[in-house]
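This report refers to the structure that appears directly beneath it.
Since we're looking at a predicted model, the values are computed, not measured. Here is how names work: the chains are called A, B, and so on, in the same order as the sequence lines, proteins then strands, and each is numbered from 1. Scope of the values below: all heavy atoms of this structure, side chains included, with no hydrogens, waters or symmetry mates.
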Amino acid sequence: MQDYLSGLNEQQKEAVLHIKGPLMIVAGAGSGKTKVLTTRIAHLIANGVDAFNILALTFTNKAAAEMKERIEKILNNSSNNTSGSEARNLYIGTFHSVFARILRTEAPRLGYPNNFTIYDTDDSRSVLKAVITDMELDIKQYKPNFVHNRISAAKNALISADEYEDDYYLQQEDAKAKRPLIGKIYKAYAERCFKNGAMDFDDLLLNMFILLKNYNDALVKYQHKFQYILIDEYQDTNPVQYQITKLLSAVHENICVVGDDAQSIYSFRGATIENILQFKKDYDDVSIIKLEQNYRSTQSILNVANTVIGNNKGQLPKELWTNNEAGDKIKVVKTISDNEEGKFVADSIKEHQLRYHYGNKDFAILYRTNAQSRAFEESLRKQGIAYRIYGGISFYQRKEIKDMLAYLRLIVNMKDEEALKRIINYPVRGIGKTTIEKLSIIAHQENITMFQVVENAAKYGFKAGTLDALDKFATMIHYFQNILTEKNAYDVAVLVGKHTELVKELFNDKTTEGLSRYENVQELLNSIKEWTELPDSEDGEVNNKGLGAYLQQITLLTDADDDKEDNDTVKLMTIHAAKGLEFACVFVVGAEEELFPNAMSLNTREELEEERRLFYVAITRAKHKLWVTYATTRYKFGSLKQNEPSRFLHEMPDNFLDKTYAGGAAKNNSNLGSAYERMYRGFGNQLRDHRPQTSEKKPSYLPANPPATKTVTHIPTANFTPSDISEIEEGQKIEHQRFGFGTIAKLEGSSHNPIATIRFDQNGEKKIMLNYAKIRIVK
DNA sequence: GATTATATGGTTTTT
DNA sequence: CCATATAATC
């Protein structure tokens, strides 16, 4: 027997060894499904299957990277003489990244360039906005965001623009919503993207499907390449993904899917657990293996999780059990505000670290929406606890990075109108809004790309000054393109930075924000350099280490991916992002009605059930300790909002809960807590006042509550010398890049024209947030 | 055409 | 609160 099997239980072993034919593994939370999947792949390779013939699909890059790493490890440690380096040849990644890679080779068949651009959500919305305005429709009626969701849903359900317009019910729906023209917009949007040589996220799936469906030789090619197909988190696949994998696996039928219907949380992306049910019917002899033993959590946590999820109707029958110890009760915590919640969590982390010697990395804070991260960031900083936020705005979505990338995108794909529009006048070179509009209109009329209009601007009667600017711009881009053929991606990028004076502009901005923007661009250049120095892979794909390849993979990255090793930090992320992960101690925060379950998801029972599954996913991330916290008030859009405790709190069985910190009353009953609590708390005091103090004294650097924000108004005069940002008072001198120097005349003000806002940063230091980037405080 | 002041309006969740 | 759209001004 292979030594890598020794750590598995009987079902897990069976799942690994059952190699041929369709297999569905129904696996509960913490049942070791990733372990099974990785071991299975290792087993395949160890038994002589060529890694080139294995395709493993995941939902995050991180999951893919982790899997690959583990496989290498297993192979290296195995007594088989297969080397871990064999794992490099695996096709393993997210649906999107794997298909993007394939499409890089196959795109020309579909009329796209090899170097097609991948539009992220921002790009898509921007294109939509342009399309909607071009159609002379009201942007308020057709909000790009809304329209995009609708189009995205259609694509994920394999509905083309034509089909969309022909469908009676869809049309009725849109008409009812007073948005009857979405179908037309869909069509125009798709055409525009195609003309730009660009695919959006959904197109990566859709075009992969079209490729397999319409080009038989392509289908045959990939059916034979991918003899073994494995899919993680199968409950989260949507119809396109389903159809693609079905096509790919049709010949060999060696397809193995792993899923847990209780963890299906991506229906907004078109995912449907129907795919799990359908799987059984699609192949002749499907084997099903259930993994029901949980190795992760304590009994208390598992019991609570099981009870909560029991409130959902129509779950597939499954009984999760564990041999682990009972463990602590789940702590339910009530605070009066989002900031207090943050404080409680940070303090609790500190306390547990001191008491039980947990490291930072043993903790995770999980929330429903990204916007909730702020309070925790602040409190963790104050406590001096290292943390890392996943999600939110990723590195590649920052403005300065997108600007730089837009140049590179345009050089690689001149059809990319979005990129062109972004940088044609950045840094400013006298090509204004009117000119850009004109360019766009001409491009449309002549049915050529916008850059072609720029190249031939003379033909189209621009005024001398503008013409000159356009010519210069075209020449510059051509120059970059020529260089691209002789130099590598990094050299080109550096040159672009220099030549466009983009870097210089950032460098000259000496504000804190400007400085970090400069550093970000530097960082981008570093990452490009790293990329160019990676070895080529040898699977005969198109130009796989060029700038084009770099740009394509970068769009599919989230900031969760460039994990600089398992640094010892507290992890902050949404519950969605936490799927598949586990932590010793977990805080599930913001357990309030309208936040979690989210107000947007209270329309139907299905939506509510998905929220409940989300809650289930959240609490099953915890191995040892679990807190569920909620705040009675919370800021939304800057104004205070009252919140009721989440209904999910009531669904948790009392006998596994410790409500000491919830005033004994997650439910609105009259229980005021134990005698001890009442003794030390009094009535109505906040819990931080009565929480058991650790032996450790409070660090002296802990600041008091930051004072309320003040605003200042600024009147420019003349003649001061600059220095550091420090204190700000009336009469404080200010420098503005264009206005020159001036003085702050009023400290609290009119609130209407705040030049600067005073805040306190993580170290309790006064910081001035300047509302105009080019002003700074001088001594 | 470029920059700054004012108004508006937006928060699920992700590739 | 924050980021972007529109209006106003140079």
Expressed as a whole number of angstroms, how long is the span from [X]:[atom1] to [N]:[atom2]?
X: A/Asn425; N: B/dG1; atom1: CG; atom2: P; result: 9 Å
X: A/Tyr616; N: B/dT13; atom1: OH; atom2: C1'; result: 19 Å
X: A/Leu206; N: B/dT15; atom1: CG; atom2: C1'; result: 15 Å
X: A/Gln263; N: B/dT14; atom1: CD; atom2: P; result: 16 Å
X: A/Glu233; N: B/dT14; atom1: CD; atom2: C1'; result: 13 Å
X: A/Glu610; N: B/dT13; atom1: CD; atom2: P; result: 14 Å
X: A/Glu378; N: C/dC1; atom1: CD; atom2: P; result: 12 Å
X: A/Arg125; N: B/dG10; atom1: CZ; atom2: P; result: 12 Å

For [X], which contact category applies under a 4.0 Å heavy-atom criterion: base, sugar-phosphate, or nothing?
X: A/Gly432; result: sugar-phosphate
X: A/Asn370; result: sugar-phosphate
X: A/Ser97; result: nothing
X: A/Lys641; result: nothing
X: A/Phe59; result: sugar-phosphate
X: A/Phe596; result: nothing

Taking the inter-plane angle between the rings of A/Phe99 and A/Phe95 on a 0 to 90° scale, is it parallel (under 30°), tilted (30 to 60°) or perpendicular (over 60°)?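 Perpendicular.
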Who passes salt bridge (Lys or Arg N to Asp or Glu O under 4.0 Å) against A/Glu437, sequence neighbours left out?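 Expected list: none.
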Does the side-chain ring of A/Phe268 lie flat on the base of B/dT13, meaning centres under 5.5 Å and planes less than 30 degrees apart?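 Yes, A/Phe268 stacks on the base of B/dT13.
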Does A/Thr574 place a side-chain N or O at less than 4.0 Å from the phosphate oxygens OP1/OP2 of B/dT14?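 Checking A/Thr574 against B/dT14: at least one side-chain N or O falls below 4.0 Å of OP1 or OP2.
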Phosphate contact (C/dA5 OP1 or OP2) by A/Lys129 side-chain N/O below 4.0 Å: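 Yes, within the criterion.
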Counting only side-chain heavy atoms from C-beta out, which of [options] sits nearest to [X]?
X: A/His576; options: B/dT13, B/dG9, B/dT15; answer: B/dT13
X: A/Ala577; options: B/dA2, B/dT15, B/dT14; answer: B/dT14
X: A/Val428; options: B/dT15, B/dA2, B/dT13; answer: B/dA2
X: A/Lys140; options: B/dG10, B/dG9, B/dT15; answer: B/dG9

Using the test ring pair (Phe, Tyr, Trp, His ring centres under 6.0 Å), find all partners of A/Phe462 that sit at least two apart in sequence or belong to another chain.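 By the ring pair (Phe, Tyr, Trp, His ring centres under 6.0 Å) rule, A/Phe462 matches no residue at all.
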So, for A/His576 and A/Phe268, is the gap between ring centers shorter than 6.0 Å?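 So the answer is yes for these two rings.
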Mapping A/Thr435 and A/Thr555 to their closest nucleotides on DNA chain B, which lands nearer the 5' end?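 Result of the comparison: A/Thr435.
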Where do A/Tyr119 and A/Cys193 come nearest, in terms of heavy atoms and distance?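 Heavy atoms only, the tightest pair is CD1-SG, 4.1 Å.
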Within 45° cone and under 6.0 Å: A/Arg269 NZ/CZ vs A/Tyr266 ring: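 Pair A/Arg269/A/Tyr266 counts as cation-pi.
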